[in-house]
Asker: 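The structure is given below, and queries will be raised subsequently.
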Amino acid sequence: EDDNALIEFIAASALQKTRRPVQVLIVATKIDKVPSSKRLSELNRVAKACGHKVIPFSAVTGEGREELWRALRRASLATP
């Protein structure tokens, strides 16, 4: 609930002409703690709840590191 409120706040702030455009990236950290058999369903549940694509990430295993870097690069190039 708190995360969705923050996403809505960011989206509303981005609509102001005085603000730079922003892109929301949702990162599911500690994905290594979720059993592999449940990861896809959990990621889908979070994506549905927040209305954004979710990037799975684990600092322990490195899972999602490249995908997150690509998303960050795309977001930084998309903003003027």
Side-chain angles (χ1 to χ4, degrees):
E1 208 172 282
D2 289 342
D3 293 335
N4 281 333
L6 179 58
I7 291 168
E8 289 176 20
F9 174 77
I10 292 169
S13 295
L15 294 176
Q16 297 176 9
K17 294 186 186 270
T18 59
R19 302 259 183 188
R20 289 179 44 183
V22 294
Q23 180 180 353
V24 174
L25 297 175
I26 306 299
V27 181
T29 59
K30 299 186 181 188
I31 195 68
D32 56 289
K33 304 286 186 193
V34 179
S36 58
S37 62
K38 295 183 179 184
R39 286 183 187 175
L40 185 59
S41 63
E42 286 299 309
L43 292 169
N44 287 336
R45 182 184 63 79
V46 172
K48 184 177 179 182
C50 69
H52 292 274
K53 179 184 177 206
V54 179
I55 300 170
F57 181 79
S58 168
V60 174
T61 66
E63 180 179 348
R65 182 174 286 141
E66 289 301 317
E67 183 179 0
L68 178 56
W69 275 115
R70 279 193 300 271
L72 289 168
R73 285 184 195 112
R74 279 193 307 270
S76 69
L77 293 174
T79 57

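Computed from a predicted model, the values in this text were never measured in an experiment.
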Asker: Any side-chain heavy-atom pair from V54 and N44 closer than 4.5 angstrom?
Answerer: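 No. Closest side-chain heavy atoms not under 4.5 Å.
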Asker: Grouping I, L, V, M, F, W and Y whenever their side-chain heavy atoms are under 4.5 Å apart, do I55 and V34 come out in a common cluster?
Answerer: no
Asker: I want to check something: taking the side chain as every heavy atom from C-beta on, are L6 and D2 in contact at a cut-off of under 4.5 Å?
Answerer: no
Asker: Taking only residues two or more places apart in sequence or in another chain, which ones pass salt bridge (Lys or Arg N to Asp or Glu O under 4.0 Å) with E42?
Answerer: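 Residues passing salt bridge (Lys or Arg N to Asp or Glu O under 4.0 Å) with E42: R45.
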Asker: Between L40 and I31, is there shared hydrophobic-cluster membership here, with clusters defined by ILVMFWY side-chain heavy atoms closer than 4.5 Å?
Answerer: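 No, because L40 and I31 fall into different hydrophobic clusters, even though each may have its own neighbours under 4.5 Å.
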Asker: Taking all non-hydrogen atoms of both residues, which atom of I7 and which atom of C50 are closest, and how far apart?
Answerer: CD1-CB, 3.8 Å
Asker: Please determine whether side chain to side chain contact (heavy atoms under 4.5 Å, CB included) holds for the pair E63 and F57, giving the CA-CA distance in whole Å, both sets of side-chain angles, and the decisive distance to 0.1 Å.
Answerer: CA-CA 5 Å; E63 180 179 348; F57 181 79; over 6 Å; no
Asker: Working to the nearest 0.5 Å, report the span between CG of L72 and CD of Q23.
Answerer: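 Rounded to the nearest 0.5 Å, the CG-CD separation comes out at 9.0 Å.
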Asker: Pair L68, V27 - check side chain to side chain contact (heavy atoms under 4.5 Å, CB included), show working.
Answerer: CA-CA 8 Å; L68 178 56; V27 181; 3.6 Å; yes
Asker: Any Lys/Arg nitrogen of E67 or K53 sitting under 4.0 Å from an Asp/Glu carboxylate oxygen of the other?
Answerer: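 Looking at K53 together with E67, the answer is yes, because their closest N to O distance falls below 4.0 Å.
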Asker: Which one of L25, V24, V46 satisfies the side chain to side chain contact (heavy atoms under 4.5 Å, CB included) criterion with H52?
Answerer: V24
